[in-house]
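Here is how names work: the chains are called A, B, and so on, in the same order as the sequence lines, proteins then strands, and each is numbered from 1.
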Amino acid sequence: MNKGFFQRETLTVARQLIGKLLVRTVDGYRVSGIIYETEAYDGERDLACHARSGKTARNAVMYGDGGHAYVYFTYGMHWMVNCVAGVVGYPAAVLIRAIHPIEGIYHIRRQRTPIKEKNWCNGPAKLTKALSITNKLNGVNLCVRDSPLHIELGLSIPDGWISSTPRIGIQNTPEPWKSKPWRFIADLSKLKKQF
DNA sequence: TCTTCGATTGTCT
DNA sequence: GACAATCGAAGAA
């Protein structure tokens with residue numbers, strides 16, 4: 001994807017990332033999946049966003065240019081991957097919550113065994129495990145094909161396949177942020193019929 | 001299928 | 001010192 005794709009309103013980026021292909025390159029081979037669930041985190045005003053208390057060493061990448069990866073560690077054991085949205089100076093990102101595996105199934109199976117196949121990539125920390133995404137990829141450019149992690153055009157998803165709900169795992173966030181319908185999720189059963 | 005609960009450590013107050 | 005943009009096992013139904 002070109003950089004302009006990411007330099008837009010965070011909610012637009014979150015919606016448009018549904019159906020795109022997330023590609024991880026490991027030792028020259030591709031491990032990838034179609035994105036079908038995302039969440040938008042939009043600026044310092046958004047009290048669910050990591051940038052709510054200003055710039056820190058951890059969230060610095062979010063303040064940079066759109067089209068880069070923001071990878072962080074949480075719950076003492078999990079990595080999460082986001083696409084930075086917007087332009088330099090405006091902290092915003094879109095969390096990738098779930099993907100449908102397409103390439104590199106062998107790699108994914110090896111990472112996720114003995115978990116059942118349907119649960120390989122249906123959660124933000126699950127897909128980072130499946131694609132071997134860690135803090136080493138924090139800040140990488142998602143717009144170039146030779147990057148170890150990047151986004152490609154994938155499928156066009158009809159609006160009718162997508163629903164939006166409040167974001168997950170932000171129970172202690174004050175309103176109105178807790179209830180903002182900034183989570184986008186596509187109907188996986190319909191998506192699967194494309195293959 | 002649903003609910004509960006322990007795991008485990010970087011980051012910020 | 002508290003908490004976190006979660007996961008997966010175990011037990012109940």
key: Interatomic distance where CE belongs to A/M62 and P belongs to B/dT11 [whole Å]   = 13 Å
ask   = Between C/dA4, B/dG10, B/dT1, which nucleotide gets closest to the side-chain atoms of A/K118?
value = B/dT1
request  = For A/H50 and B/dG10, give me the distance from atom NE2 to atom P, rounded to whole Å.
outcome  = 16 Å
Minimal non-hydrogen separation, A/S32 against A/I108, with atom names = O-CD1, 4.4 Å
request  = Would you mind reading off the distance between A/R52 atom CZ and B/dT11 atom P, rounded to a whole angstrom?
outcome  = 15 Å
ask   = Does one hydrophobic cluster hold both A/I35 and A/F6, with members joined at side-chain heavy-atom distances below 4.5 Å?
value = yes
message = Just the rounded figure in Å: distance from P of B/dT4 to CD of A/Q171.
response = 13 Å
task = Might you work through the ring-ring contact (aromatic ring centres under 6.0 Å, His included) test for A/F73 and A/H78, ending with a clear yes or no?
result = CA-CA 6 Å; A/F73 186 74; A/H78 298 308; 8.0 Å; no
task = Going 5' to 3' through nucleotides 6-13 of chain C, assign each nucleotide B (protein heavy atom under 4.0 Å from a base atom), S (under 4.0 Å only from sugar-phosphate atoms) or - (no protein heavy atom that close).
result = BSS-----
ask   = DNA chain C in dot-bracket, Watson-Crick or G-U pairs under 3.5 Å, [ ] crossing, | other strand?
value = ||||.|||||||.
message = For a quick check of understanding: with a heavy-atom distance under 4.0 Å over all strands, which category does A/T173 fall into, base, sugar-phosphate or nothing?
response = nothing
request  = Quick one: label A/R58 by what it contacts on the DNA or RNA (base, sugar-phosphate, nothing), any heavy atom closer than 4.0 Å.
outcome  = sugar-phosphate
task = Assess whether side-chain contact (heavy atoms from CB on, under 4.5 Å) is satisfied between A/K126 and A/N122, documenting all intermediate values.
result = CA-CA 7 Å; A/K126 300 182 189 181; A/N122 61 346; 2.9 Å; yes
query = Just checking, is any N or O donor in the side chain of A/Y29 or A/H107 under 3.5 Å from an acceptor N or O on the other one?
reply = yes
query = Is a side-chain donor-acceptor pair under 3.5 Å present for A/D42 with A/Y90?
reply = yes
Under-4.0 Å salt bridge between A/E152 and A/K20 = no
note = A/F73 atom CZ is separated from C/dA5 atom P, nearest whole Å, by 13 Å
ask   = How would you label the contact of A/N82 with the nucleic acid (heavy atoms, under 4.0 Å): base, sugar-phosphate, or nothing?
value = base
Transitive ILVMFWY side-chain link A/L21 to A/F5, under 4.5 Å = no
query = Can you name the ring-ring contact (aromatic ring centres under 6.0 Å, His included) partners of A/H68, sequence neighbours left out?
reply = none
